[in-house]
Amino acid sequence: MMRSVTIHPDLSRVLPAELLEEIADCGFYPHLVSQALAGAVGRRGIRSYVVHHEATFSGHEVHRHITVLVLLEDALIICHADEGEHGRAIVTTELVRLTSIDSVMLTQSVADPAAKSPGLAEAWLTVIWGATRRLEVAPASCDDPTCDADHGYTGIAAADDYVLRMSRDADGSANTGKLVEFGTLLQGAV
């Protein structure tokens with residue numbers, strides 16, 4: 001008979017106090033998110049992190065999401081929590097070894113780029129590691145509009161990627177800047 005084992009690490013020994021505070025400030029199941037993240041971090045040291053809380057609207061419903069990215073010496077942890085159906089929460093943690101990451105793109109949109117100190121308006125961090133692949137297939141065709149021959153299929157196979165976007169207006173200047181700092185550190189580590 002297999003026994004179920006639940007691991008409950010001491011959060012304050014695994015995660016920095018500032019990270020725990022940022023997760024708690026989001027107000028979206030902070031203990032659940034912190035427990036999942038601490039389990040993924042384990043005994044490794046944290047180099048940097050970024051927290052993103054977002055609400056999306058669908059008709060009359062509000063759906064909350066939280067994402068925490070953590071940079072370790074040898075890996076990136078992506079912890080994401082969503083509201084599920086029937087009052088449930090869904091929390092996923094993924095550990096991606098830095099050696100597995102193919103590409104890290106950091107895109108910055110600046111307001112008044114000609115200014116001596118342009119203001120950061122938005123930032124996107126895109127990480128591609130090829131853990132899964134997306135295949136988009138469509139019927140192939142030719143340029144002859146009267147052709148009814150079967151030309152087979154054509155498609156694109158692309159690695160799934162992770163994109164995190166923050167903006168000054170929605171997330172604040174400090175958080176948007178922190179995403180750029182995190183992305184810069186991740187680029188340097190890969």
Side-chain angles (χ1 to χ4, degrees), residues 2 28 33 36-37 39-41 44 47-110 113 120-171 175-176 179-190:
M2 194 167 193
F28 184 65
V33 171
L37 186 59
V41 169
R44 301 175 189 94
R47 291 182 59 192
S48 183
Y49 66 87
V50 65
V51 177
H52 184 245
H53 182 247
E54 178 182 31
T56 56
F57 301 92
S58 175
H60 297 291
E61 296 179 350
V62 177
H63 300 279
R64 298 177 298 164
H65 314 269
I66 186 171
T67 301
V68 183
L69 303 179
V70 174
L71 179 59
L72 308 172
E73 288 298 321
D74 62 347
L76 169 68
I77 294 175
I78 302 166
C79 178
H80 183 80
D82 284 305
E83 287 182 305
E85 294 179 4
H86 311 293
R88 295 182 178 180
I90 301 167
V91 181
T92 303
T93 54
E94 182 170 4
L95 186 135
V96 181
R97 297 216 175 274
L98 296 181
T99 56
S100 298
I101 294 175
D102 297 321
S103 179
V104 178
M105 292 174 279
L106 181 60
T107 305
Q108 301 175 58
S109 171
V110 294
L120 180 63
E122 294 180 78
W124 295 265
L125 176 64
T126 304
V127 183
I128 299 171
W129 63 92
T132 58
R133 299 195 69 80
R134 181 177 60 248
L135 183 61
E136 297 175 15
V137 179
S141 61
C142 68
D143 293 335
D144 181 358
T146 61
C147 180
D148 61 357
D150 182 356
H151 295 286
Y153 290 88
T154 184
I156 297 172
D160 270 346
D161 53 14
Y162 182 79
V163 179
L164 182 60
R165 176 192 168 270
M166 287 191 182
S167 72
R168 176 184 59 207
D169 295 339
D171 303 294
N175 287 331
T176 306
L179 179 61
V180 171
E181 291 173 18
F182 182 88
T184 302
L185 277 173
L186 182 57
Q187 284 179 325
V190 170

pair F28-H65: side-chain heavy atoms closer than 4.5 Å: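 When only atoms from C-beta onward are counted, H65 and F28 do not touch, as no gap falls below 4.5 Å.
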Note, T184 side chain near L106 side chain (heavy atom, < 4.5 Å):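 Yes - at least one pair of side-chain heavy atoms lies under 4.5 Å apart.
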What's the shortest heavy-atom distance between [X] and [Y], and which atoms?
| X | Y | result |
| --- | --- | --- |
| L37 | C79 | CD1-CB, 3.9 Å |
| S48 | F182 | OG-CD1, 3.4 Å |
| G183 | V104 | O-CG1, 4.3 Å |
| D171 | H53 | OD1-O, 4.1 Å |

Between S141 and H151: side-chain donor-acceptor atoms closer than 3.5 Å: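 Distance-only check fails for S141 and H151.
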Please report the interatomic distance [atom1]([X]) to [atom2]([Y]), rounded to the nearest 0.5 Å.
| X | Y | atom1 | atom2 | value |
| --- | --- | --- | --- | --- |
| I101 | Q187 | CD1 | CD | 11.0 Å |
| D169 | E122 | CG | CD | 8.0 Å |
| L69 | H52 | CG | NE2 | 10.0 Å |
| E181 | L179 | CD | CG | 10.0 Å |
| E54 | I66 | CD | CD1 | 11.5 Å |

Using only atom types and a distance under 3.5 Å, with no angle test, would you say the side chain of [X] pairs donor to acceptor with the backbone of [Y]?
| X | Y | value |
| --- | --- | --- |
| T176 | S167 | yes |
| E94 | I78 | no |
| D82 | G84 | no |

Candidate list V50, I77, L95, L76, test side chain to side chain contact (heavy atoms under 4.5 Å, CB included), partner V70, passing option: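 The single option meeting the side chain to side chain contact (heavy atoms under 4.5 Å, CB included) with V70 is I77.
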Test applied, side chain to side chain contact (heavy atoms under 4.5 Å, CB included); reference residue, V33; option that passes from T67, V51, V68: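 The single option meeting the side chain to side chain contact (heavy atoms under 4.5 Å, CB included) with V33 is V68.
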Salt bridge (charged side-chain N to carboxylate O under 4.0 Å, His left out) between E73 and R44, intermediate numbers included: CA-CA 8 Å; E73 288 298 321; R44 301 175 189 94; over 6 Å; no
L71 vs L98, side-chain contact (heavy atoms from CB on, under 4.5 Å): CA-CA, chis, key distance, verdict: CA-CA 9 Å; L71 179 59; L98 296 181; 4.0 Å; yes
Over 12 foreign heavy atoms within 6.0 Å of CZ, R47: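 Count over threshold, so yes.
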